[in-house]
Engineer: 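A single structure is presented below for examination.
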Amino acid sequence: MIWMIVLPFVGSAIAALLPTNARNAEAWLAGVVTLVTLILASASYPAVAAGDAIRSNIEWIPSLGLNLSLRMDGFAWLFATMISGIGFLVVLYARYYMSPEDPVPRFFSFFLAFMGAMLGVVLSGNLILLVVFWELTSVFSFLLIGYWHHNANARDGARMALTITGIGGLGLLAGVLLIGHIVGSYDLDRVLASGDLIRSHDLYVPAIVLILLGTLTKSAQFPFHFWLPNAMAAPTPVSAYLHSATMVKAGVFLMARLWPVLSGSTEWFWILGFCGMMSLALGAYFAIFQQDIKGLLAYSTISHLGLITLLLSLGSPLGAVAAIFHMVNHATFKASLFMAAGIIDHECGTRDIRRLSGLFRFMPITATLAMVASAAMAGVPLLNGFLSKEMFFAEAIETHAISVLDTAAPYVAVLASAFAVTYSIRFIHGVFFGPLPTDVPSVAPHEPPFLMRFPILLLVVACLLVGTIPALTIGPFLHTAVTSVLGARTPEYSLAIWHGFNLPLLMSIVALIAGVILYLLLKDYLSRCEEGPPFFRRLKGQRIFERFMVTVSWRWARFVDYRLGARRLQPQLRLLVTVAFVAALWPLYSRGFTPGRFTLTGADPVFAGVWVLGIVCALGAAYQAKFHRLAALILLSGAGLVTCITFVWLSAPDLAVTQLLVEIVTTVLILLGLRWLPKRVQDGPTIASAVPGARLRRFRDLAIAVSVGVGVTLIAYAVMTRTPPPTIADYFLEKAYSEGGGRNVVNVILVDFRAFDTFGEITVLAIVALTVFALLRRFRPAPDSVDSPEQQRIQTAFDEAQPDRETGETIIDYLMIPAVIMQWLFPVIIMFAAYLFFRGHDLPGGGFAAGIAMAAAFILQYMAAGTRWVEDRLRVLPVRWIGLGLLLAAFTGAGSWLFGYPFLTSHSRYVDLPLIGDMPLASAIFFDLGVFSLVVGATVLMLIALAHQSIRRHRVARTIAAADEETA
Amino acid sequence: MSWANHLVIAPILLPLATGAFLLVFDERRRAFKALVSLFATLALLVVATTLVTFADTAPETGTAANTVYLLGNWVAPFGIVLVLDRLSALMLVLTSVLAIAALTFSLARWHKSGPHFHTLFQFLLMGLNGAFLTGDLFNLFVFFEVFLAASYGLILHGSGSLRVKAGLHYVVINLAGASLFLIGVSLIYGVTGTLNMADLAIRIPMVSADDRMLLEAGAAILGIAFLIKAGMWPLGFWLPTAYSAAAAPVAAIFAMLSKVGIYILLRLSLLLFGADAGASAGFGEPWLLYGGMVTIAFGAIGVLASQAMGRLAGSYVLVSSGTLLAAIGMSNVSLTAGALFYMVSSTLTIAAFFLLIELVERAQDPAADVLAVTMEAYGDDMDEEEEEDEIGVAIPATLVILGICFTGAALLFAGLPPLSGFIAKFAMLTAVFNPEGLGASSGGISLTTWVFGALLILSGLAAMIAMTRAGIRTFWAPIEGTVPRVLVMEFAPVAFLLILCVGLSVQGGKVMAYMDATARSLHDPSSYISDVMSASSLPGPKSVEAK
């Protein structure tokens with residue numbers, strides 16, 4: 001049984017790989033696959049007919065209750081046979097229908113995959129698996145409908161079909177999940193056995209609403225019917241298949257499958273009854289007024305499926321029997337009619353009934369076959385459509401639940417049948433009879449090849465046989481199917497043609513006669529009128545749907561996206577700060593905020609004064625940041641100095657040293673960068689007064705900033721004034737010397753206890769340097785900062801004004817003495833760096849501080865002598881310093897592996913070095929050396945990146961000048 | 001200690017050493033650098049898969065086999081520990097898989113468009129792996145900084161004013177996030193006196209009632225830092241812009257970046273504020289749940305409202321994050337397992353799609369995007385009566401392949417079967433409807449569950465509609481496009497990632513079993529805690545031979 005599903009998919013994969021023009025090979029492949037599937041299905045009939053379902057189970061995701069479990073009972077068998085049988089006929093037909101230029105591999109590949117998915121739907125023994133295949137049918141039908149994707153109609157039709165059935169599929173998934181929740185299993189057998197449980201459950205209504213959303217969309221039932229007529233943009237073989245055995249039948253299949261479990265409630269009756277009746281009547285009514293033959297057939301499909309839905313809504317076993325019977329009948333005549341429509345289209349080049357007429361003379365056999373099939377569609381006696389329609393009439397007059405719907409049912413049934421007669425006659429009479437066609441693109445229509453006609457013939461013969469000798473042909477199979485669905489509730493029913501002269505027969509006769517009269521009345525109007533029925537012509541489901549989709553999925557979505565989103569940075573940061581504030585405030589508020597003890601003892605007025613200074617500096621920096629960057633930077637370094645002093649004051653000399661060096665280097669680097677920022681001049685009215693509301697926004701931002709600042713201060717204060725819990729810091733203090741080998745606890749923490757953090761942080765430094773370099777390498781200064789700085793311009797002007805000076809002399813002379821001193825300081829600072837480095841383990845210092853100091857030496861050189869001068873004499877390759885530094889640190893850490901210890905385990909001892917004396921030497925010192933190298937490299941790299949701007953500036957200036965010349 | 005034990009740290013050291021090693025060579029030796037980088041990443045994949053087998057040795061008992069690595073031979077909580085459990089191993093594998101794909105893709109051309117690409121890329125991997133492995137809160141911050149710094153470099157890679165603008169927004173937002181991180185960690189340390197995650201889990205229930213508000217404030221601020229990274233509404237507006245502006249391979253690996261925030265939230269919320277956390281148990285869960293649900297909605301709307309595919313993918317990242325956040329907020333073992341599956345699947349898809357977009361858009365005129373939507377909006381007023389040709393048009397082979405990949409991605413985004421996107425979605429839905437297992441309770445369903453389920457399904461629908469729209473205008477609309485030139489090297493990574501999704505689906509049972517085991521040990525972290533705290537250091541020459 002699994003092969004019945006696997007085979008089409010394998011065939012699909014093979015078909016996709018064949019060359020574009022392999023029409024015959026494709027057809028053979030598809031034909032063989034469908035035929036084998038059909039044979040497999042037929043072969044399993046004896047087992048199915050014996051009464052019990054065939055099952056097979058392969059584990060997929062057992063923990064979720066999702067397994068590849070298949071289950072074939074009589075009903076599934078009936079469908080499987082229909083799918084593979086009609087599939088085979090469609091393949092045969094498509095071989096002749098598709099043009100030699102069509103890229104057939106895509107067609108057959110999608111077709112086979114679609115068939116596989118459809119077989120999967122009917123054979124699934126697990127509801128989730130069924131949903132899987134269900135969605136696959138949506139996807140593949142989308143691809144099939146959009147096969148001629150260069151046509152806008154095909155694209156729109158395909159998208160609409162996917163959207164509608166996709167929504168339904170998701171609803172079905174939700175519904176099935178609810179069923180699983182109620183029953184406790186997704187297994188079909190378990191679900192079918194739990195009917196009472198489901199019907200009595202609180203979640204029954206949501207479950208059926210969701211499931212019916214799936215089935216009604218799939219079966220194109222009112223109010224979701226409009227996708228189906230648009231899907232006729234598909235190649236006709238696809239339409240024939242979608243409308244007969246597959247796709248739309250999946251919906252009614254599932255409703256029949258779950259009928260014993262779900263039906264019988266008022267909700268079920270009302271939803272299905274209403275949708276079914278509306279589809280039945282409206283579909284038939286719309287079909288009359290279609291000018292496109294395929295459109296007529298499509299609306300007729302909606303109507304016939306409405307009939308099936310209505311039958312299923314009734315909740316009576318006989319209704320279910322009639323529904324199942326009509327599913328089969330509809331499949332046979334509808335497939336043949338679509339094929340006939342395809343032949344007409346193929347031969348005449350149009351499907352417009354107004355333009356076609358008198359084709360009987362050109363293709364008598366096709367016409368005869370189409371006539372028989374149409375008669376079956378209209379429900380003419382001795383054909384299969386008649387039998388199921390009679391059963392439907394018989395059910396319609398029964399009273400099932402006293403309501404308006406039930407009362408209206410017989411009348412609607414007769415009316416819809418009359419309409420069916422009308423559109424059937426219209427199809428036959430309009431196309432095959434009347435004068436010779438005059439307005440047809442193709443001049444000489446003729447009979448198609450026999451093999452193209454053969455599928456129609458076969459189906460029409462089936463219609464006839466079933467219509468005349470039902471008990472001998474369809475009878476046993478139908479019985480197997482019906483018993484497998486209804487089980488013990490299988491009613492007594494008779495497939496006889498003649499039930500005596502009763503009310504249903506009378507209804508049939510009325511409908512037939514009314515239909516004929518209606519056609520005669522409407523004939524002239526129809527041959528002139530526009531597409532679409534009167535009154536509803538302007539009301540097109542498709543248009544409404546498209547407008548709706550555009551409005552909801554595009555206009556509204558964009559609106560909401562715009563209102564609830566933010567693209568600019570400022571509002572994002574405002575939100576970020578606010579959200580963080582609220583998040584922190586919430587626990588403080590809900591648990592009650594208690595600050596620690598507040599004592600003024602030990603507060604030193606000098607220290608407090610320093611802090612006031614620092615605070616003033618920080619505020620000033622913020623205040624000046626926009627228009628006076630230099631002032632802001634100077635103030636910022638003031639604040640930084642206060643931080644350094646604080647560290648010293650609180651006995652953290654390490655931090656103070658590092659902070660001081662970092663402050664120096666960053667300030668200098670930022671100063672170098674400031675030169676390249678475009679000027680901001682504060683002139684005229686500020687934005688605050690120009691833009692209404694700007695002042696208000698600023699006050700709001702100020703309020704946010706102040707409250708967040710106060711908040712952070714408060715929690716910091718609260719934490720610091722508490723008695724600290726036993727922390728890991730105590731351990732560090734205790735073990736730094738005894739196990740870390742150093743007296744400087746901070747340094748031991750950095751290079752030993754938490755060396756891994758240091759390791760990460762130096763990597764960060766390296767990355768930042770590389771990023772700055774990468775960013776600035778492509779950076780070109782803004783046009784207004786390309787000129788020499790103002791000071792240099794004044795100096796040059798001075799030179800030019802003085803006859804005894806060469807231009808540029810003053811610039812060279814400028815700060816001559818400090819420059820010389822700076823150059824001489826180079827070795828001194830290097831010594832200082834070395835000193836810092838070696839004392840690190842026991843006293844403030846260490847690799848990081850030493851590296852910064854060393855970098856300062858380089859910065860001084862660049863400042864004193866200029867980029868070119870330095871780089872001519874001193875070749876620094878900072879990127880290598882970085883790389884080697886990192887590698888050294890990594891190898892030091894990995895060195896402990898050799899001794900069987902984890903990464904970064906350090907070892908320390910004192911070594912007696914000549915000249916220097918006793919040296920504390922921990923393995924960590926190599927690590928520190930790596931840090932040193934990296935810090936130097938990173939800082940110098942950033943320096944170079946900035947310094948090279950001034951070299952590049954000249955290039956930019958030249959290009960600007962060149963551009964000016966060109967424009968001039 | 002055997003060499004196998006040191007393997008735990010290899011995912012950090014290997015990229016680091018590679019990155020540093022590449023710095024020593026000149027920028028112009030591109031081929032050599034590319035080769036080294038590629039081999040290192042392949043080796044990383046091998047290491048990561050080996051580590052999964054380490055972590056998954058005892059699945060039947062349900063207790064995880066956690067490997068604890070004491071850095072510097074200092075015991076927890078004093079030193080820094082690395083902890084390998086199922087979750088971190090999973091994240092490592094996912095990272096290395098994405099890395100392979102993104103790196104291979106970049107070799108076609110992107111790695112040439114700026115300096116130090118390979119180094120930054122390797123450092124990014126180091127940061128990610130470190131963040132997944134570390135068991136120490138401050139060390140986590142360090143690795144956050146590592147990968148953030150590298151991501152700053154990478155997002156600016158390739159330059160261009162659009163990229164620089166989006167990149168600088170990204171940098172500023174993440175710097176702000178990093179500050180919050182520090183504030184949060186400091187508060188937590190101030191109250192508990194430890195940084196080790198396992199130790200924190202022990203100490204948090206013992207925090208006095210007076211201090212608890214500070215602890216929670218710290219945790220909240222810390223959480224915000226991660227939520228920024230994950231892109232929760234309203235903190236994630238930067239994300240679609242930044243991701244769609246980044247170079248394709250960078251965007252692909254960034255798919256992992258947003259999952260770091262998720263990873264940490266998952267780990268910490270269950271470890272620190274799980275069922276055993278005393279008065280703080282379940283702290284933050286409502287935030288995650290409701291924030292996550294709003295994020296799904298916002299992301300789904302963003303998906304619909306996207307004109308360009310890059311932005312669509314960026315918005316889908318939000319959907320993915322929101323889904324995971326809400327799932328974490330619900331705190332349910334089987335939902336966590338489903339969410340983990342979803343995380344893997346959606347990350348792979350997003351990465352594949354970012355790579356795919358570039359290939360597809362190569363052939364496209366940027367104006368076509370605008371035109372297609374306008375046509376859809378106003379097309380119904382146009383005259384459609386033209387006689388249409390009913391003979392198909394063959395699609396060129398390149399486009400066929402791209403089309404298949406696109407369809408795959410669309411199915412995965414929309415959560416349609418048969419690919420892993422469906423399984424993930426189904427796993428979460430069935431878990432959320434049946435929190436105690438299928439059939440254990442068949443009572444009513446809470447409103448939150450309904451909303452979450454609906455959002456999950458509707459976000460898939462939004463993705464389906466948007467992807468169909470994008471797909472039709474790219475592959476079907478007859479706009480005279482040139483067939484893009486795509487190298488095998490560029491196509492292969494996309495296919496590789498999508499085939500992995502197929503594999504996830506086919507091997508769903510096994511994968512789900514792993515996820516189940518992972519989720520179980522996450523929800524019951526006692527073995528994690530005891531493994532970390534009881535890991536003993538090696539005896540050795542730790543004494544000073546002082547005079």
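Order of the sequence lines sets the chain letters (A, B, ...), proteins ahead of strands, with each chain counted from 1. A quick note: this is a predicted structure, and the numbers were derived from the prediction, not measured.
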Engineer: Output the option from B:G177, B:P115, B:G190 having the highest count of non-hydrogen pairs under 4.5 Å with chain A.
Structural biologist: B:P115
Engineer: With sequence neighbours left out, what residues match B:E216 under salt bridge (Lys or Arg N to Asp or Glu O under 4.0 Å)?
Structural biologist: A:R591
Engineer: Do B:Y152 side-chain atoms and A:V772 backbone N/O form a donor-acceptor pair below 3.5 Å?
Structural biologist: no
Engineer: Report the option among B:I465, B:I183, B:V511 that has the most heavy-atom pairs separated by less than 4.5 Å from atoms of chain A.
Structural biologist: B:I465
Engineer: In terms of heavy-atom pairs under 4.5 Å, which option from B:I173, B:L82, B:L154 contacts chain A the most?
Structural biologist: B:I173
Engineer: Spell out, as yes or no, whether a donor-acceptor pair under 3.5 Å connects the side chain of A:Q572 to the backbone of B:W238.
Structural biologist: yes
Engineer: Minimum heavy-atom separation for A:A890 to B:L16, with atom names?
Structural biologist: CB-CD2, 3.8 Å
Engineer: Do B:F138 and A:F756 have ring centres separated by under 6.0 Å?
Structural biologist: no
Engineer: I'd like to know which of B:G302, B:G79, B:G218, B:A150 tops the heavy-atom pair count under 4.5 Å against chain A.
Structural biologist: B:A150
Engineer: Once you round to the nearest 0.5 Å, how far does CD1 of A:I882 lie from CG of B:L23?
Structural biologist: 6.5 Å
Engineer: Mind ranking B:L215, B:D516, B:D136 by heavy-atom pairs under 4.5 Å with chain A and telling me who comes out on top?
Structural biologist: B:D136
Engineer: Find the one option among B:I80, B:I224, B:V146, B:I301 whose heavy-atom pairs under 4.5 Å with chain A are most numerous.
Structural biologist: B:I80
Engineer: Donor-acceptor check, side chain of A:H181 to backbone of B:F433, threshold 3.5 angstrom: yes or no?
Structural biologist: yes
